[in-house]
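Worth saying up front: this structure is predicted, and the values here are computed from it rather than measured.
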Amino acid sequence: MDPLDILGNLHKIRPVFQPIVSAINQDVIGHEVLARYEEDGTWHSLGPFFLDPDVPEEFKVEVDQHVLKLAVEQILEKGTDGLLFINRNAKQLMINDGDDLLQSLLDYEQKGLDMKRIVIEVTEHDFDEEFETLNHLLLYYKTYGIQIAVDHVGAKSSNIDRIRQLEPHILKIDSRIIRQQNGDTFHDIMFSMSMLAHRIGAALLFENIEDDYQLYFAWKHGSRYYQGFYLGYPAFQPVDRESLALNIGEKMAGYVQREKSLLQKRHDFIKAWEKKVKDLLPKWEGPKKADVFIEGVTEKFDEESFRMFICHMDGQQVSSNFRKKTDVWELEPHKRGSNWAFRPYFLENVMQMKALNTGLLSGLYSDIETKEMVRTFSFPLTDQHFLFIDLRYAYLYEHECLLA
């Protein structure tokens with residue numbers, strides 16, 4: 001499609017609306033406005049037009065403004081509720097210092113459009129270009145009640161500080177990177193993005209969801225909003241819950257039941273491990289005989305564990321490391337005297353075990369020595385000494401509930 005043909009035939013352009021669904025009420029809470037161009041009786045996406053670096057930004061702005069006008073007029077005429085997500089890149093926004101878009105929105109406000117319904121999407125890539133100017137402009141937009149979403153979050157980890165500075169309302173994550181990224185790498189990205197969203201009070205939105213796995217992944221990782229062909233294709237009319245491609249309420253009810261089942265199975269593992277250790281407690285004779293005590297523990301956890309040791313509540317290790325190599329448990333006496341209180345959550349966890357007198361299962365983490373994903377089961381032997389049992393990845397992998 002020739003850009004000049006598009007610009008000269010604005011009457012052939014129509015907005016389409018892709019639904020965005022909320023996890024809270026499992027309903028459509030808004031739409032992203034996209035554009036279609038009619039040529040020879042077929043409607044084509046204008047995505048290539050907007051993404052073409054050779055197309056002047058002024059051309060893109062003119063088309064965007066036309067599409068926005070048609071979209072707003074349509075939703076006001078039909079009384080459609082919900083948010084309206086509109087895409088603008090940094091170069092477009094900064095033409096005329098951003099006044100064109102703002103003035104258009106203010107004009108629509110006079111016609112009944114609540115500015116709080118507008119969500120302006122910028123991509124994380126935009127932060128590479130005159131960020132301070134863009135940041136000031138977006139902060140100015142926010143004073144009018146306009147919400148800000150950052151698209152393609154996670155593409156560049158170096159932009160985390162800039163995202164924090166902007167404090168957007170929504171962070172959009174492309175579900176396609178679930179397939180593209182190495183599993184461990186993507187989990188690291190998701191952990192960082194979830195923590196960032198939590199710190200700045202932003203909601204997560206997973207876009208480009210195309211199958212059940214991606215929807216479940218988004219739900220499990222705390223996404224508040226969902227968007228993609230799996231839920232609904234862009235349409236010339238805004239849609240409601242009944243028009244979605246699937247029953248989102250039923251899907252999420254199934255996810256809840258699945259997660260509850262996994263949690264119950266994990267709880268059963270913990271209780272079984274607690275019983276194993278409790279049965280051995282009469283053999284505990286204090287820290288001077290800690291290695292003797294662990295010899296009995298290795299027999300009970302020979303299948304599950306690859307390493308175990310005992311620490312004082314202040315973090316000092318009072319036993320050797322017992323490490324399983326091939327099928328034999330070997331002692332590492334040089335580990336005695338090490339202090340692990342510096343580790344995140346160590347003191348918090350031992351205090352919790354002391355108060356509740358129960359075992360704890362850590363979250364998944366990468367072991368410094370083996371570089372494998374592991375979990376640690378810990379249990380209070382007394383109110384001063386605690387047993388730590390590192391579970392090998394192969395065992396976790398065999399039981400889904402321990403990886404979930």
- Task: Please identify each residue that fulfils salt bridge (Lys or Arg N to Asp or Glu O under 4.0 Å) with Glu73, with sequence neighbours left out.
- Result: Lys69

- Message: Arg224: which residues meet the salt bridge (Lys or Arg N to Asp or Glu O under 4.0 Å) condition with it, sequence neighbours left out?
- Response: none

- Determine the minimum heavy-atom distance between Pro168 and Ala202, stating which atoms define it. O-CB, 3.4 Å

- Message: Checking the side chain of His385 only, and the main-chain atoms of Leu381 only, is there a donor and an acceptor separated by less than 3.5 Å?
- Response: no

- Task: Measure from the side-chain N and O atoms of Ser338 to the backbone N and O of Lys335, and report whether any donor-acceptor pair falls under 3.5 Å.
- Result: yes

- Item | Worked check of side chain to side chain donor-acceptor pair (under 3.5 Å) between Asp240 and Ser243 | CA-CA 5 Å; Asp240 54 21; Ser243 301; 3.1 Å; yes

- Any donor-acceptor pair under 3.5 Å linking the side chain of Asp174 with the backbone of Arg176? yes

- Item | Steps toward side chain to side chain contact (heavy atoms under 4.5 Å, CB included) verdict (Ile29, Leu83) | CA-CA 6 Å; Ile29 54 88; Leu83 301 173; 4.0 Å; yes

- Item | Residues Gln74, Leu70; criterion side chain to side chain contact (heavy atoms under 4.5 Å, CB included); working and verdict | CA-CA 6 Å; Gln74 185 171 339; Leu70 295 178; 5.9 Å; no

- Taking Arg266 for the side chain and Leu402 for the main chain, is one N or O donor matched with an acceptor at less than 3.5 Å? no

- Message: Quick one: does any side-chain atom of Ser175 pair with a main-chain N or O of Glu207 as donor and acceptor, under 3.5 Å?
- Response: yes

- Within the distance-only criterion (no hydrogens, no angle test), does the side chain of Arg336 pair as donor or acceptor with the backbone N or O of Val318 below 3.5 angstrom? yes

Can I get a per-line list of side-chain donor-acceptor pairs under 3.5 Å for residues 110-120, giving both atom names and the distance, sequence neighbours left out?
{"from": "Asp114", "atom 1": "OD1", "to": "Lys116", "atom 2": "N", "distance (Å)": "3.0"}
{"from": "Arg117", "atom 1": "NE", "to": "Gly82", "atom 2": "O", "distance (Å)": "2.7"}
{"from": "Arg117", "atom 1": "NH1", "to": "Thr80", "atom 2": "O", "distance (Å)": "3.4"}
{"from": "Arg117", "atom 1": "NH2", "to": "Thr80", "atom 2": "O", "distance (Å)": "2.6"}
{"from": "Arg117", "atom 1": "NH2", "to": "Gly82", "atom 2": "O", "distance (Å)": "3.1"}

- Asp367/Arg307 salt bridge by N-O under 4.0 Å criterion: yes

- Message: Do Ile248 and Leu215 have side chains that approach each other closer than 4.5 Å (heavy atoms only, starting at C-beta)?
- Response: yes

- Message: More than 12 heavy atoms of other residues, nucleotides or ligands under 6.0 Å from NZ of Lys275: yes or no?
- Response: no

- Note on the structure: Of all heavy-atom pairs linking Arg375 and Ser362, the shortest is NE-O, 2.6 Å

- With a 4.5 Å limit on heavy-atom distance, are the side chains of Ile148 and Ile170 in contact? no

- Separation of Phe217 CZ from Ser223 OG (nearest 0.5 Å): 10.5 Å

- Got a second to check how far His169's NE2 is from Ile200's CD1, nearest 0.5 Å? 10.0 Å

- side-chain contact (heavy atoms from CB on, under 4.5 Å) with Ile86: which of Val67, Ile146, Leu101? Leu101

- Please collect all ring pair (Phe, Tyr, Trp, His ring centres under 6.0 Å) contacts where either partner lies in residues 341-365, sequence neighbours excluded, each pair once. Phe346-Phe388

- Item | Glu167 backbone acceptor or donor facing Lys142 side chain under 3.5 Å | yes

- Message: Taking ring pair (Phe, Tyr, Trp, His ring centres under 6.0 Å) as the cut-off, I'd like each qualifying pair that reaches into residues 58-112, sequence neighbours left out, listed once.
- Response: none

- So which of Arg36, Glu32, His31 actually passes side-chain contact (heavy atoms from CB on, under 4.5 Å) with Pro234? Arg36

- Relative to the ring of Tyr255, is the ring of Trp219 parallel (under 30°), tilted (30 to 60°) or perpendicular (over 60°)? tilted

- Sequence-distant partners of Asp151, salt bridge (Lys or Arg N to Asp or Glu O under 4.0 Å), two or more places apart: none

- Query: Looking only at heavy atoms, what is the nearest atom pair of Leu205 and Tyr226, with distance?
  - Reply: CG-N, 4.5 Å

- Task: Take the angle between the ring planes of Phe229 and Tyr233 and call it parallel below 30°, perpendicular above 60°, tilted in between.
- Result: parallel

- Message: Quick test of your reading: applying side-chain hydrogen bond (donor to acceptor under 3.5 Å, both in side chains), list the pairs with at least one residue in residues 9-22, sequence neighbours left out, ordered by first then second residue.
- Response: Gln18-Gln227

- Those residues that, when tested against Lys271, pass salt bridge (Lys or Arg N to Asp or Glu O under 4.0 Å) (two or more places apart): Glu274

- For Lys276, side-chain hydrogen bond (donor to acceptor under 3.5 Å, both in side chains) partners two or more places apart: Glu304

- Decide if atom CG of Leu356 counts as having more than 12 heavy atoms of other residues, nucleotides or ligands within a radius under 6.0 Å. yes

- Task: Please determine which of Asp302, Ile310, Ile389 meets the side-chain contact (heavy atoms from CB on, under 4.5 Å) test together with Val297.
- Result: Ile389

- Hey, is the main chain of Ala23 close enough, under 3.5 Å, to the side chain of Gln26 for a donor-acceptor pair? yes

- Does the distance from a Lys or Arg side-chain N to an Asp or Glu carboxylate O, for Lys172 and Glu121, drop under 4.0 Å? yes

- Note on the structure: Quick note, side-chain hydrogen bond (donor to acceptor under 3.5 Å, both in side chains) partners involving residues 394-404, not counting sequence neighbours, are Arg258-Glu400

- Message: So, using side-chain hydrogen bond (donor to acceptor under 3.5 Å, both in side chains) as the criterion, who are the partners of Gln317 when residues are at least two apart?
- Response: Asn321, Trp340

- Do Lys60 side-chain atoms and Asp52 backbone N/O form a donor-acceptor pair below 3.5 Å? yes

- Task: Looking only at non-hydrogen atoms, find the nearest pair between Ala71 and Pro15 and report the distance.
- Result: N-CG, 3.9 Å

- Not counting sequence neighbours, which residues clear side-chain hydrogen bond (donor to acceptor under 3.5 Å, both in side chains) with Asp100? List them please. Asn96

- Using 4.0 Å as the upper bound for N to carboxylate O, is an ion pair formed by Lys300 and Glu295? no

- Could you walk me through whether Gln103 and Asp107 pass side chain to side chain donor-acceptor pair (under 3.5 Å), step by step? CA-CA 6 Å; Gln103 190 55 54; Asp107 290 342; 3.2 Å; yes

- Message: side chain to side chain contact (heavy atoms under 4.5 Å, CB included), that's the test. Do Asn89 and Glu57 meet it? Break it down for me.
- Response: CA-CA 9 Å; Asn89 67 34; Glu57 297 302 328; 3.4 Å; yes

- Please check if the distance between the ring centroids of Phe322 and Trp329 is under 6.0 Å. no

- Hey, are the side chains of Val239 and Phe17 touching, using non-hydrogen atoms and a 4.5 Å cut-off? no

- Message: Evaluate Gln384 against Lys354 for side chain to side chain contact (heavy atoms under 4.5 Å, CB included), listing each step before the verdict.
- Response: CA-CA 8 Å; Gln384 296 291 313; Lys354 179 179 178 180; 4.2 Å; yes

- Could you tell me whether the side chain of Asp390 and the main chain of Phe306 form a donor-acceptor pair under 3.5 Å? no

- Item | Test of ring centre spacing under 6.0 Å for Tyr140 and Tyr144 | yes

